[in-house]
S.K.: 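For reference, the structure I am asking about is given below.
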Amino acid sequence: MSKIATLEIDGNKYEFPIIEGTEKEFGIDIKTLRNVTGGVTTIDPGYKNTGSCESGITFLDGEKGILRYCGYTIEELAEKADFLEVAYLLIFGELPTTEQLTKFDEDIKEESHVDEDMKKILDGFPKSAHPMGVLSSLTSALIAFNPDSVDVDSEEAMYDAIVKVLAKFPVLAAWTMRKRKSLPLDYGDNSLGYVENLHKMMFSRPNKTYEANQIVNNALDKLLILHADHEQNCSTSTVRIVGSSHAGLYASLSAGISALWGPLHGGANQAVIEMLEAIKADGGDTAKYIEKAKDKNDSFRLMGFGHRVYKNFDPRAKIIKVAAEEVLADLGIEDPVLDIAKGLAKVALEDEYFVKRKLYPNVDFYSGIIYRALGIPTEMFTVMFALGRLPGWIAQWREMRLRKEPIGRPRQIYIGETERPFKSISER
Ligand code: CMC
């Protein structure tokens, strides 16, 4: 039997249906709240208790540390699937057959060039520009060069827009890095797989034959899969809300990239390595930094720790920690910051402050150590996150459009001045 929630305001009772998800999650459906109560709204800064949509893409149980894409566990996908299969799964809801995957791959390859004039836009940025800002701008600029992809309503037009951006985004991401490194821009090689090609586009040298490294490509593939979707996080909610105004896919993605940039979200992977480096430079005293993180008068936070939804181990962090150790061992790299990270995690996981608040290492805690081992510069870490998150953003945008969700427009409770007469400048 369906559940009902009852709300009482000033003796008046209102009933609201409770929606049940397939994983026994319950949400009070307050769509009629303002109408039936004569304008009463809810207030929930940071949306800690607010469900913005019903979604069939990703399931996350933060208490149990569970993450599944379309029903498949993240552990199994990271072990057995490749990134393109996972992208297809997220966007279309099912793992692809061989034919579907081949077509998807070929369609992406067909679009894997970027208009030469995009280089002029890239040229306008100083070398010191942060790659996330450049990537957001270039993604937005794609609109001008692909106007057909803006107003996409039919499934067919959506498919074309999706394939185009999956193809061009790695080119743009690689270009942001090459520009910083003063390397000539590269269009990659369509005979390579998606991830291998990304790696080539980032690292190939004009005077050297590119040689693929399977350890590196497997690690990259796994990292991209682990980042591919995470339900209604800050950047994904941004993509959905921008898209809800019927701005096109690329405009929505560009906004998502900006949201991801912040250090409380995807930017944490860069902030973690910078923090670990600072601790190392300061003598490696992890206890000192744990105390700083606990001190409410100190703005320092343990970056890569804590999560809005996970109140248990982030399953992605568990996989990445093991992968980091394997990649460093396979590549014969010793990185002292891995020991500092493990030391910090050990102390934090036993410390009452972190235990009481259920603060565990999140996806960003160890990922930077792998990126570094793969030769990726620190300021590119969040770009790597964006490359992984791209299929998730696309899937969520497509779902929002196909479900014909209304424009996102939250309410507020006004706490400013009530009406007052205008004061001329001489009276102020
Ligand atoms: N270091 C120290 N204290 C912390 C930390 C931290 N990293 N994270 C949370 N807390 C404390 C916080 O001060 C608060 O304490 P109190 O209850 O005494 O006021 C309590 O834990 C709850 O924190 P909150 O800020 O209310 O939690 P939130 O859900 O609003 O924020 C978060 C989640 C991820 C923004 C936060 O944990 C944080 O800032 N972590 C560091 C940045 C980080 O690693 N971000 C990456 C998140 S995972 C990747 C992604 O999907 O974006």
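Predicted model, so just to flag it, every value in this text is computed and none were measured. Numbering of residues begins at 1 and proceeds along the displayed sequence. In listed order, ligands and their atoms are each counted from 1.
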S.K.: Is the backbone N or O of Gly65 less than 3.5 Å from a side-chain atom of Asp61, with the two atoms forming a donor-acceptor pair by type?
M.R.: no
S.K.: Is there a donor-acceptor contact under 3.5 Å linking the side chains of Gln396 and Gln232?
M.R.: yes
S.K.: Heavy-atom contacts with ligand 1 below 4.0 Å: which residues, ordered by chain and residue number?
M.R.: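 Lining ligand 1: Lys48, Pro263, Leu264, His265, Gly266, Ala268, Ala293, Lys296, Arg301, Leu302, Met303, Gly304, Phe305, Gly306, His307, Arg308, Tyr353, Arg357, Leu359, Asn362, Val363, Asp364.
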S.K.: If you take the centroid of each ring, where Trp contributes its six-membered ring, are His230 and Phe385 closer together than 6.0 Å?
M.R.: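 They do not qualify: ring centres at least 6.0 Å apart.
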S.K.: Can you check whether Thr42's main-chain N or O pairs, donor with acceptor, with Asp44's side chain at less than 3.5 Å?
M.R.: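 Looks like no, no N/O pair under 3.5 Å.
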S.K.: State which residues pass salt bridge (Lys or Arg N to Asp or Glu O under 4.0 Å) with Lys179; sequence neighbours excluded, sorted by chain then number.
M.R.: none
S.K.: I'd like to know whether Tyr353 forms a side chain to side chain contact (heavy atoms under 4.5 Å, CB included) with Ile290, so could you lay out the CA-CA distance, the side-chain angles of the two residues, the decisive distance to 0.1 Å, and finally the verdict.
M.R.: CA-CA 10 Å; Tyr353 173 96; Ile290 293 284; over 6 Å; no
